[in-house]
Amino acid sequence: MELSGGSRDARPAVTPVAAVLPAGGSGERLGGATPKQFCAVQGRPLVSYAVRAMERISWISDIIVVVSPENIETMKSIIEKYGHKRVMIVKGGITRHRSIFNGLKVFAENEFSNHLLQKPEVVIIHDAVRPFVEEDILSKVVMAAKEHGAAGAIRPLVSTVIASAADGCLDHSLERARYRASEMPQAFLFDTIYEAYQQCTDYDLDYGTECLHLALKYCNTSAKLVEGTADLWKVTYKRDLYAAESIIKDNLSQQVCVITNVKEAVAQVGFLLHESLKSQIKVEAVSISLSKNDSHLQNIFSGQCYNFICVNDRKYAIQETQQLVDMLEKSSIPLLYPVVLILVHLDISENISFSIGMEELTRIKKFAREVKKKNILVYGLLIQYKPQPDVLAESSLLRFLVQCTSCRLTILQLQRVFLFAV
């Protein structure tokens with residue numbers, strides 16, 4: 001079974017863990033003919049973001065996506081197009097609870113699959129239309145569920161909840177400070193939630209919406225409530241799609257990976273660049289030989305970084321660049337958004353002047369045009385640089401590189417090779 005990368009710092013001390021993603025809603029409140037889980041955000045279906053959020057976490061062994069019968073083929077095409085792994089599609093029921101129950105059955109009954117999947121100790125339930133779930137909150141609810149039997153994310157109420165009388169006038173209001181909004185993800189000991197679904201009534205299955213309530217009602221399991229983050233909201237209305245798109249665009253410019261070779265002068269530039277950028281955005285710095293399969297770099301590719309700066313001391317290291325492009329392709333990162341790859345070639349020779357021939361320039365431009373077809377935008381910086389204790393010179397180089405890194409949204413509109421001397 002292939003495992004995706006993911007941070008191991010938050011790995012819960014429990015195996016296995018599975019996830020069930022109900023994705024069978026009709027999206028009536030959103031409006032339009034397409035159910036919201038299949039609406040495109042930045043060109044990618046919403047459900048794919050939720051699957052990806054689970055898939056990139058290595059300790060989640062199986063991901064069950066529950067869809068309505070008429071959307072099974074659509075979901076299959078999404079899995080194939082975006083290269084999702086460890087995913088099983090299950091036919092949903094007519095209500096949310098019936099769909100979740102069907103998703104749980106693949107671990108306990110033969111009705112929905114030819115072979116039973118390994119029964120998890122803990123199962124995560126998460127809406128397919130909540131794309132912005134991070135490993136930290138998933139780990140917290142899983143570990144809480146292992147201890148308490150059930151756990152769920154909560155958020156403070158934004159508005160006061162009121163009840164109306166039969167005549168349409170105010171009857172009473174709830175004290176907002178005492179109540180919380182139930183969010184996703186939720187997690188349960190598998191035996192607990194499966195027993196709750198087996199025991200619940202048809203009324204529960206048809207009209208209920210809260211999984212934590214089922215665990216309390218039928219298994220006497222009081223869920224541990226875990227404070228969630230503001231980005232756990234659910235896409236419900238059309239305006240939420242625009243908000244999701246804005247968040248995703250913003251996230252694209254929040255992380256950069258600086259890759260250098262192992263030579264001291266080059267690695268020093270990478271280190272200084274990391275130190276200069278880390279207060280502004282999330283920075284990963286890796287000093288490796290691209291000819292080797294570096295596990296740290298593979299983990300970064302398995303994440304959601306779309307900006308890379310590759311620093312070396314060879315002007316025209318097309319072969320090394322091709323190796324990096326191949327690694328990016330295999331990671332499937334460019335299937336989601338354009339990847340920006342800035343190649344910084346340091347000329348550390350004593351020669352004051354340098355130039356590039358038209359033949360070499362044509363070759364570089366042709367390479368950039370070819371990889372653009374793969375959704376990878378390559379930009380080249382040829383810089384004459386002599387390591388020296390001159391702080392001003394070091395600062396000038398760093399300011400220049402930081403400016404190049406910070407203008408991602410601008411260079412997305414360009415396709416050319418930049419030549420600079422610093």
Side-chain angles (χ1 to χ4, degrees), residues 4-6 40-45 48-49 51-53 55-56 81-85 131-132 244-261 270 273-274 277 280-288 290 293-312 317-345 364-381 401-418:
S4 296
V41 177
Q42 285 285 288
R44 184 172 188 150
S48 182
Y49 289 96
V51 172
R52 175 62 174 159
E55 184 182 47
R56 64 193 292 259
K81 179 176 181 179
Y82 295 101
H84 292 307
K85 308 295 183 183
F132 306 119
E245 184 169 333
S246 177
I247 291 172
I248 290 168
K249 284 181 176 179
D250 184 60
N251 288 341
L252 285 179
S253 59
Q254 296 304 309
Q255 183 173 353
V256 63
C257 177
V258 180
I259 305 171
T260 69
N261 62 30
L273 184 57
H274 172 273
L277 287 171
Q280 305 173 42
I281 56 176
K282 182 179 179 181
V283 185
E284 291 275 1
V286 185
S287 182
I288 62 165
L290 287 176
N293 188 8
D294 185 84
S295 58
H296 185 194
L297 189 57
Q298 292 291 348
N299 283 338
I300 294 173
F301 287 163
S302 297
Q304 292 181 315
C305 181
Y306 298 90
N307 305 282
F308 297 87
I309 303 175
C310 187
V311 185
N312 62 55
I318 295 296
Q319 184 176 359
E320 289 188 6
T321 305
Q322 183 64 62
Q323 290 173 344
L324 184 58
V325 167
D326 291 343
M327 293 172 72
L328 285 168
E329 273 195 280
K330 290 178 182 178
S331 73
S332 298
I333 292 177
L335 289 174
L336 182 52
Y337 300 117
V339 170
V340 170
L341 176 57
I342 301 176
L343 305 176
V344 180
H345 303 293
I364 295 173
K365 287 184 173 181
K366 180 180 179 181
F367 174 78
R369 285 194 298 268
E370 288 300 315
V371 298
K372 185 180 180 182
K373 298 175 184 176
K374 303 172 183 177
N375 218 17
I376 301 173
L377 307 183
V378 175
Y379 303 89
L381 301 174
L401 289 177
V402 169
Q403 288 171 356
C404 291
T405 305
S406 301
C407 66
R408 180 185 198 275
L409 295 181
T410 301
I411 63 176
L412 277 173
Q413 311 302 322
L414 307 175
Q415 186 59 35
R416 63 189 183 192
V417 176
F418 296 93

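The chain is numbered in sequence order, starting from 1.
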Heavy-atom pair of closest approach, residues Y49 and P131
CB-CB, 3.6 Å
So which atom in H84 and which in S48 form the shortest heavy-atom distance, rounded to 0.1 Å?
NE2-OG, 2.8 Å
Geometric cation-pi criterion R52 and Y82, 6.0 Å radius, 45° cone:
no
Please identify each residue that fulfils salt bridge (charged side-chain N to carboxylate O under 4.0 Å, His left out) with K373, with sequence neighbours left out.
E370
Distance (rounded to the nearest 0.5 Å) between C310 SG and I342 CD1:
11.0 Å
Point-to-point distance, once rounded to the nearest 0.5 Å, from NZ of K81 to CZ of R44:
9.0 Å
Nearest 0.5 Å, please: how far is CD1 in I376 from CG in L324?
8.0 Å
Do L343 and L341 come close enough that some side-chain heavy atom pair is under 4.5 Å?
yes
